[in-house]
Amino acid sequence: MNAAVIDTTIFAELQEAAGAEFVAELVGTFLEEAPGMLAELRSARAAGDGERFRRAAHSMKSNAATFGASQLAALAKELEMLGKENKLSKTG
């Protein structure tokens, strides 16, 4: 994967629309909340709770897409679909 971690076009558009200071706060909030989202994914998977897993993945996807973390958003979308289909087993 050679693509940029953050899509600079999306990020610049967001800064133009919302202001650089707000976007910095948004990214900071995401970085603070991401460990909790990951913990929720792990917990939901361990419990076999597909709907809770799907919601956590959806939150991560939406947040990442907002500021142009397109690769992360795509991976979270894959997780969201696994949760929706309740495919949380470690072997499949």
Side-chain angles (χ1 to χ4, degrees):
M1 291 187 169
N2 286 335
V5 173
I6 301 292
D7 182 316
T8 55
T9 301
I10 292 172
F11 194 81
E13 289 171 356
L14 180 62
Q15 284 185 313
E16 187 175 314
E21 187 175 314
F22 176 75
V23 174
E25 289 178 31
L26 183 69
V27 171
T29 299
F30 175 78
L31 292 174
E32 289 173 8
E33 293 178 357
M37 286 186 257
L38 291 171
E40 182 69 7
L41 284 168
R42 287 184 191 106
S43 173
R45 182 173 182 236
D49 188 337
E51 179 57 20
R52 189 163 54 110
F53 187 90
R54 184 200 64 77
R55 284 192 314 266
H58 178 81
S59 293
M60 181 166 283
K61 175 191 77 175
S62 298
N63 284 295
T66 296
F67 57 84
S70 302
Q71 290 179 14
L72 177 58
L75 292 170
K77 182 178 181 176
E78 289 179 31
L79 293 176
E80 181 181 13
M81 292 301 105
L82 290 173
K84 183 176 183 178
E85 298 167 4
N86 205 23
K87 293 184 177 179
L88 305 180
S89 71
K90 292 184 182 196
T91 59

When rounded to the nearest 0.5 angstrom, what is the spacing between [atom1] in [X] and [atom2] in [Y]?
X     : Y     : atom1 : atom2 : result
Met81 : His58 : CE    : NE2   : 9.5 Å
Arg54 : Ser59 : CZ    : OG    : 9.0 Å
Lys61 : Thr66 : NZ    : OG1   : 10.5 Å

Can you give me the closest heavy-atom contact between [X] and [Y], atom names plus distance?
X     : Y     : result
Asn86 : Asp49 : OD1-C, 4.4 Å
Glu40 : Ala56 : CG-CB, 3.7 Å
Ala18 : Val23 : CB-CG2, 4.4 Å
Glu80 : Ala57 : N-CB, 3.5 Å
Ala64 : Ala73 : CB-N, 3.9 Å
Ala44 : Phe53 : CB-N, 3.5 Å

Hydrophobic cluster identity match, Ile10 and Leu31, side-chain contacts under 4.5 Å: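 No, separate clusters.
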Within-4.5 Å side-chain heavy-atom neighbours: Leu79 and Met60: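 No, side chains not in contact.
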Sequence neighbours excluded, every pair satisfying side chain to side chain donor-acceptor pair (under 3.5 Å) that has a member inside residues 6-23: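 Found none.
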Residues Glu51, Arg55: salt bridge by 4.0 Å N-O rule: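 Salt bridge: yes.
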Residue pair Ile6, Val27: steps toward the side chain to side chain contact (heavy atoms under 4.5 Å, CB included) verdict: CA-CA 11 Å; Ile6 301 292; Val27 171; over 6 Å; no
Selection residues 21-46 - residue pairs positive for ring pair (Phe, Tyr, Trp, His ring centres under 6.0 Å), sequence neighbours left out: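 Ring pair (Phe, Tyr, Trp, His ring centres under 6.0 Å) check on residues 21-46 returns Phe30-Phe67.
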